[in-house]
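What you are looking at is a predicted structure, and each value in this text was computed from that prediction instead of being measured. Keep in mind that the numbers below use all heavy atoms, side chains included, and drop hydrogens, waters and symmetry copies. Note on naming: letters A, B, ... go to the chains in the order of the sequence lines (proteins, then strands), and numbering restarts at 1 for each one.
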Amino acid sequence: MPPSDLQTGSATVRETFLLVLASIPEGRVTSYGRLAQLAGMGRGARLAGRWLGQLPEGTTLPWHRVLNSQGQLSLPPDHPAGQEQYQRLLAEGIIITHRRVDMKRYGWPD
DNA sequence: CAGTCGGCGTCAC
DNA sequence: CGTGACGCCGACT
């Protein structure tokens, strides 16, 4: 880890972000805002989205389990990643209605 | 370094 | 369910 990270602590927040993301249970989802909150990014929902979009293609992290606060898929239906997300969620047994999931049921943490 | 633009958002009305 | 306003940050000029 670069010395600059030890000074700014930026790596810590980023690592926490990845850690939280990785800890989202299969079959459950969370929102950008919550994820940011849990990772100590405060109101960095959009930043969370940015980081998710910058993850490597072959990542094993469950980026697809992150939706907007209304439980809707925020990615364009016609976009490759959007379909990928849709497919993965379905594969985990999550019921999707009108591109939206029931946060009361699948939301994490409870 | 300062100004500006835009984003996988969120909340209130 | 649509609209507008707000807020935070990275990227670019």
Side-chain angles (χ1 to χ4, degrees):
Chain A
M1 178 185 292
S4 58
D5 288 339
L6 293 178
Q7 297 177 354
T8 62
S10 60
T12 301
V13 176
R14 196 149 186 163
E15 283 174 21
T16 301
F17 168 78
L18 296 175
L19 197 62
V20 176
L21 175 61
S23 57
I24 301 176
E26 185 179 328
R28 305 295 295 283
V29 300
T30 192
S31 73
Y32 298 97
R34 265 187 170 181
L35 178 56
Q37 190 66 53
L38 293 174
M41 298 187 280
R43 304 178 180 109
R46 303 190 86 143
L47 178 58
R50 181 182 299 267
W51 284 358
L52 287 178
Q54 295 176 350
L55 289 175
E57 285 189 45
T59 184
T60 58
L61 293 172
W63 56 270
H64 58 281
R65 295 179 190 147
V66 186
L67 318 175
N68 66 28
S69 66
Q70 298 176 62
Q72 301 178 276
L73 281 68
S74 226
L75 277 55
D78 57 314
H79 189 283
Q83 296 179 26
E84 179 68 20
Q85 179 176 42
Y86 188 88
Q87 298 295 347
R88 291 201 188 187
L89 291 176
L90 279 184
E92 295 185 358
I94 295 177
I95 299 176
I96 305 176
T97 308
H98 299 316
R99 301 200 63 74
R100 180 191 314 180
V101 311
D102 186 349
M103 286 299 272
K104 291 295 181 182
R105 178 176 179 181
Y106 301 109
W108 178 91
D110 300 286

Under 4.0 Å between a Lys/Arg side-chain N and an Asp/Glu carboxylate O for A:Arg28 and A:Asp110?
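The answer is yes: the pair qualifies as a salt bridge.
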Could you tell me whether A:Arg88 and A:Glu84 make a salt bridge, using a distance below 4.0 angstrom between a side-chain N and a carboxylate O?
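Salt bridge: yes.
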Atom CD1 of A:Ile96 and atom CG of A:Asp102: how far apart are they, to the nearest 0.5 Å?
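The distance works out to 12.0 Å.
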CD1 of A:Ile94 to NE2 of A:His64: how many Å apart, nearest 0.5 Å?
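Rounded to the nearest 0.5 Å, the CD1-NE2 separation comes out at 7.0 Å.
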Among the nucleotides [options], which one has an atom lying closest to any side-chain atom of [X]?
| X | options | value |
| --- | --- | --- |
| A:Ser74 | B:dC8, C:dG7, B:dC11 | B:dC8 |
| A:Arg46 | C:dG7, C:dG10, B:dT10 | C:dG7 |
| A:Arg50 | C:dC8, B:dT10, C:dA11 | C:dA11 |
| A:Tyr32 | B:dT10, B:dG7, C:dC9 | B:dT10 |
| A:Ala45 | B:dG9, C:dG10, B:dC11 | B:dG9 |
| A:Leu52 | B:dT10, C:dC9, B:dC8 | B:dC8 |

When you compare the side chain of A:Met41 with that of A:Trp51, does any pair of heavy atoms fall below 4.5 Å?
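SC-SC contact between A:Trp51 and A:Met41 confirmed.
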Let's test your reading of the pairing rules: Watson-Crick or G-U wobble, both distances under 3.5 Å, then write DNA chain B as a dot-bracket string with ( ), [ ], | and dots.
.||||||.|||||
DNA chain C: 5'-proximal contact among A:Arg100 and A:Gly44 (nearest heavy atom):
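Its nearest nucleotide lies further toward 5', so the answer is A:Arg100.
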Want to settle it: does A:Arg43 or A:Gln54 sit nearer the 5' end of DNA chain C, counting the closest nucleotide to each?
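The residue closer to the strand's 5' end, by nearest nucleotide, is A:Arg43.
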